[in-house]
Number of protein chains: 2
Amino acid sequence: MTFSGTPWPECGIARFLTLLDGPWATLIIRELLTGPARFTELRDALTGISAHTLTNRLRRFETYGLVTRTVYAEIPPRVVYELTASGEALRPVLEAMNTWAATVPMIDAESAVPLPASCVTGATEPASA
Amino acid sequence: MTFSGTPWPECGIARFLTLLDGPWATLIIRELLTGPARFTELRDALTGISAHTLTNRLRRFETYGLVTRTVYAEIPPRVVYELTASGEALRPVLEAMNTWAATVPMIDAESAVPLPASCVTGATEPASA
DNA sequence: TGCACTAGTTACGTCAACTGCACTAATGGA
DNA sequence: TCCATTAGTGCAGTTGACGTAACTAGTGCA
């Protein structure tokens with residue numbers, strides 16, 4: 001696909017997808033919606049995510065003002081990530097996703113799962129908050 | 001990440017992401033929300049998508065009951081894709097995305113865009129419907 | 001002294017997703 | 001006769017996202 005012009009899509013949906021692409025991004029927001037969290041807390045909650053990916057996503061979120069990054073000059077270091085108002089505003093979106101997913105017929109997913117090799121495994125909690 | 005157990009995540013958000021992963025999936029739904037569409041219509045609307053990818057997404061959607069696929073035995077063939085009730089139910093989700101994106105501060109995206117090389121370019125219409 | 005801890009960064013390798021091109025069937029039009 | 005059309009499929013090639021491992025600083029603890 002690659003951007004073939006504007007780096008900031010006009011379409012809101014596309015913009016959303018640009019910022020929250022990949023399965024991890026949204027899941028990180030989900031975790032953060034339950035309250036501020038430290039780096040390791042997020043990494044533990046998101047079973048399977050690598051520090052690499054987590055750092056990347058968090059940095060992007062920070063760049064776009066979705067989360068704040070607070071460094072406490074302690075030993076050992078402590079970094080707390082917290083949603084900004086903009087990040088908090090994602091709650092209705094995640095809730096809508098959750099609501100929708102609840103209505104999707106389960107089908108015999110065991111047999112018919114041409115799903116991507118990506119996506120969640122841990123799914124700590126329903127985050128229906 | 002890869003599934004390390006259940007193919008059907010408990011968390012609704014994860015489930016949503018499983019079905020609508022990648023930037024294209026959601027964009028296809030967006031197109032379909034404006035009404036039924038043929039294969040080529042979708043391909044034209046989604047500038048940059050390959051027939052391959054479009055077919056894959058559409059097949060997955062069909063498998064999970066998000067769209068219906070109607071084949072008209074004409075020459076040349078005509079295939080129409082239409083959202084089911086389940087697919088239609090995604091409208092609030094996309095709307096929430098759109099609403100949220102409208103509130104995101106633009107920042108000087110030109111300089112600070114550590115965004116993925118994926119995502120939209122065409123963005124036919126805001127789909128704010 | 002040496003290991004553990006946190007919150008990363010960097011290099012490196014892998015693997016899957018995606019793209020492009022070619023090709024199909026059956027028919028209408030030039 | 002040849003090309004265009006639709007809705008794909010198959011093959012090959014590329015990209016880039018993601019994971020693993022190693023490494024950092026400064027201090028606490030054994």
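Numbered from 1 within each chain, the chains take letters A, B, ... in sequence-line order. Note that these values count all heavy atoms, side chains included, but never hydrogens, waters or copies made by symmetry.
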**Report entry** Contact letters for nucleotides 3-9 of chain D, in which S counts primed atoms plus P, OP1 and OP2 and B counts the base, heavy atoms under 4.0 Å
**Finding:** --BBSSS

Just how far, in rounded Å, is [atom2] of [N] from [atom1] of [X]?
| X | N | atom1 | atom2 | answer |
| --- | --- | --- | --- | --- |
| B/Glu74 | C/dG28 | CD | P | 12 Å |
| B/Arg57 | C/dA16 | CZ | C1' | 11 Å |
| B/Ile28 | C/dA17 | CD1 | C1' | 14 Å |
| A/Leu58 | D/dC18 | CG | P | 14 Å |
| A/Ile49 | C/dA7 | CD1 | C1' | 14 Å |

Query raised in the report: Hey, is A/Glu88 close enough to A/Arg91 for a salt bridge, meaning N to O under 4.0 Å?
Result: yes

Query - Sidechain N-carboxylate O distance under 4.0 Å for B/Asp44, B/Arg38 - result: no

Query raised in the report: Mind checking who D/dT5 pairs with, Watson-Crick or G-U wobble, both distances under 3.5 Å?
Result: C/dA26

Please check if the side chain of [X] supplies one atom and the backbone of [Y] the other of a donor-acceptor pair under 3.5 Å.
| X | Y | value |
| --- | --- | --- |
| A/Thr68 | A/Glu82 | yes |
| B/Thr63 | B/Arg59 | yes |
| A/Thr84 | A/Leu66 | yes |

Query raised in the report: For A/Thr53, which contact category applies under a 4.0 Å heavy-atom criterion: base, sugar-phosphate, or nothing?
Result: sugar-phosphate

**Report entry** Shortest non-hydrogen separation from A/Leu19 to B/Trp100 and the atoms involved
**Finding:** CD2-CH2, 3.8 Å

